[in-house]
Amino acid sequence: MRVVVIQFPGSNCDQDCLRAFRDALGVESRMMWHKDTEIAPDETIIVPGGFSYGDYLRCGAIARFSPVMKAVQAAAERKQTILGICNGFQILCESGLLPGALVRNRDLHFICEPVTLKVENSRTHLTRHTRDGELLQIPIAHGEGNFRADQSTLVEMEEFGQILFRYANAEGTVSEESNPNGSVGNIAGICNKEGTVFGMMPHPERAAEALLGSTDGLVLLKSLLNL
């Protein structure tokens, strides 16, 4: 079992991800520069947060053309596990590996704060160590985390269990008041139909040690690797 963390110009959560997997979980992990193209079939791929290519044009719009993304596409076709976090989620949507798009937050402000997530589907690689309805405390840090998709796509995502997390309040109520960025349906994290490619705006690597104030993110990272 190995983890590879992709590093783009402007990535700023790559070291956090590497620390979470290597130090907190003790998993063999390595960094991969965006110009490299070799991903082993047994590696779990992490596309981290940050501001790839300065977030010019749209978040993730330039990163999708990096040489490494051809290898990521090939890995997705082999049904390898891929997790995009924040900017990584945006990159996977721009690359067509996940449905929908991430646009400017409802109030047009960058938001950096802890949020409550409600688990909607606990039957995936990313959520198998949780239960439906479980509440997780994980921080967000983004300016473009407003998930959008057309109605037919949303219906299909519901049908295939692709909606993994919704923003909720401390009691688990999903409402407009508990929605930090305006995401349709309070959606905070999703997966593809096959359940192999995942994307989420909150940062589980920032909730992977007690020192950080929460270890709820560690549950998801362990689940991803089935530890």
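Bear in mind that the values here come from a model prediction, so they are computed numbers and not experimental data.
- Distance check, rounded to the nearest 0.5 Å: CD of Q80 to CD1 of I45 gives 5.0 Å.
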ask   = Could you go step by step and tell me if R166 and E134 meet the salt bridge (Lys or Arg N to Asp or Glu O under 4.0 Å) rule?
value = CA-CA 11 Å; R166 296 187 197 272; E134 184 171 348; over 6 Å; no
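- Contact detail for A141 and R206: the closest heavy-atom pair is CB-NH1, 3.4 Å.
- Looking at heavy atoms from C-beta onward, Q137 lies in side-chain contact with T116 at the 4.5 angstrom threshold.
- With rounding to the nearest 0.5 angstrom, the CG atom of N186 is 9.5 Å from the CD atom of E177.
- Counting non-hydrogen atoms of neighbouring residues, nucleotides and ligands closer than 6.0 angstrom, the CZ atom of R131 reaches no more than 12 such neighbours.
- Under a 3.5 Å cut-off, the side chain of N179 and the backbone N or O of S183 do form a donor-acceptor pair.
- Salt bridge K118/D132: absent, no basic N to carboxylate O contact under 4.0 Å.
- Side-chain N or O atoms of Q90 include one that pairs as donor or acceptor with a backbone N or O of E144 at under 3.5 Å.
- In this structure, Q73 contributes its side chain and S95 its backbone to a donor-acceptor pair below 3.5 Å.
- Between I82 and V47 the shortest side-chain heavy-atom distance falls below 4.5 Å.
- For R148 (side chain) and A101 (main-chain N/O), no donor-acceptor pair under 3.5 Å exists by modelled atom type.
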key: Evaluation steps, side-chain contact (heavy atoms from CB on, under 4.5 Å), between V72 and L97   = CA-CA 9 Å; V72 174; L97 291 174; 3.9 Å; yes
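- Nearest heavy-atom pair across L135 and A170 is CD1-O, 3.4 Å.
- In this model, a donor atom of one side chain and an acceptor atom of the other lie less than 3.5 Å apart for T127 and T124.
- N146 and N105 are not linked by any side-chain donor-acceptor pair at a separation below 3.5 angstrom, with hydrogens and angles left out of the test.
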ask   = Could you walk me through whether L57 and I62 pass the side-chain contact (heavy atoms from CB on, under 4.5 Å) check?
value = CA-CA 8 Å; L57 298 182; I62 298 177; 4.0 Å; yes
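- Side-chain contact between R106 and N181: absent, with no pair of heavy atoms (C-beta onward) separated by less than 4.5 Å.
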task = For side-chain contact (heavy atoms from CB on, under 4.5 Å), just list the numbers for V103 and R58, CA-CA rounded to whole Å, side-chain angles, deciding distance to a tenth of an Å, and then say yes or no.
result = CA-CA 8 Å; V103 301; R58 295 182 308 278; over 6 Å; no
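- A donor-acceptor pair under 3.5 Å is absent between the side-chain atoms of S66 and the main chain of M69, judged by distance alone.
- Atom NE2 of residue H129 and atom CG of residue L225 lie 9.0 Å apart, to the nearest 0.5 angstrom.
- When side chains are defined from C-beta on, R2 does not count as touching S29, because their heavy atoms never get closer than 4.5 Å.
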task = Evaluate the criterion side-chain contact (heavy atoms from CB on, under 4.5 Å) for residue pair N12 and F51; output intermediate values, then yes/no.
result = CA-CA 7 Å; N12 68 3; F51 304 92; 3.4 Å; yes
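- Residues T44 and L83 are not in side-chain contact: their nearest non-hydrogen atoms beyond the backbone lie 4.5 Å or more apart.
- One hydrophobic cluster, built from ILVMFWY side chains closer than 4.5 Å, holds both I163 and F165.
- From S11, atom OG reaches atom CD1 of I91 across 6.5 Å, with rounding to the nearest 0.5 Å.
- Atom OG of S52 sits about 12.5 Å away from atom CZ of R64, to the nearest 0.5 Å.
- Sparse packing is recorded around CD of E176, with 12 or fewer heavy atoms of other residues, nucleotides or ligands lying under 6.0 Å away.
- A donor-acceptor contact shorter than 3.5 Å is absent between the side chain of D216 and the backbone of I138.
- In the hydrophobic clustering of ILVMFWY residues, with side-chain heavy atoms under 4.5 Å counting as a link, L102 and F65 come out apart.
- A salt bridge links E156 with K193: at least one charged nitrogen is closer than 4.0 Å to a carboxylate oxygen.
- Closest approach of L212 and A207 over heavy atoms only: CD1-N, 4.2 Å.
- Scanning both residues, L224 and F21, for their nearest heavy atoms gives CD2-CZ, 4.3 Å.
- Heavy-atom neighbours of H125 NE2 from other residues, nucleotides or ligands within 6.0 Å: at or below the threshold of 12.
- Follow the hydrophobic side-chain contacts under 4.5 Å out from V184 and you reach M157 in the same cluster.
- The hydrophobic cluster containing V174 does not contain F147, counting ILVMFWY residues as joined when their side-chain heavy atoms lie under 4.5 angstrom apart, directly or transitively.
- Residue E38 qualifies as open at atom CD: its count of foreign heavy atoms under 6.0 Å is 12 or below.
- Placement of V4 and L25 within a single hydrophobic cluster is found when ILVMFWY residues are connected by side-chain heavy-atom separations under 4.5 Å, directly or transitively.
- Looking at heavy atoms from C-beta onward, R30 lies in side-chain contact with E43 at the 4.5 angstrom threshold.
- Using a 4.5 Å heavy-atom cutoff, the side chains of E205 and R19 are not in contact.
- With rounding to the nearest 0.5 angstrom, the CG atom of L220 is 13.5 Å from the NE2 atom of H203.
- For the residue pair N192 / T196, a side-chain donor-acceptor distance below 3.5 Å is found, with atom types taken as modelled.
- Although no hydrogens or angles enter the test, the distance criterion places no donor-acceptor pair under 3.5 Å between the side chain of D107 and the main chain of H109.
- The shortest non-hydrogen separation linking Y167 to M201 is OH-CB, 3.6 Å.
- In this structure, H34 has its ring center under 6.0 Å from that of Y53.
- Looking at every heavy atom in both residues, V115 comes nearest to P180 through CG1-CG, 4.4 Å.
- Environment of OH in Y56: sparse, with no more than 12 heavy atoms of neighbouring residues, nucleotides or ligands closer than 6.0 Å.
- For the pair N87 and D55, the minimum side-chain heavy-atom distance is below 4.5 Å.
- Using modelled atom types, one finds a donor on one side chain and an acceptor on the other under 3.5 Å when comparing D14 with Q7.
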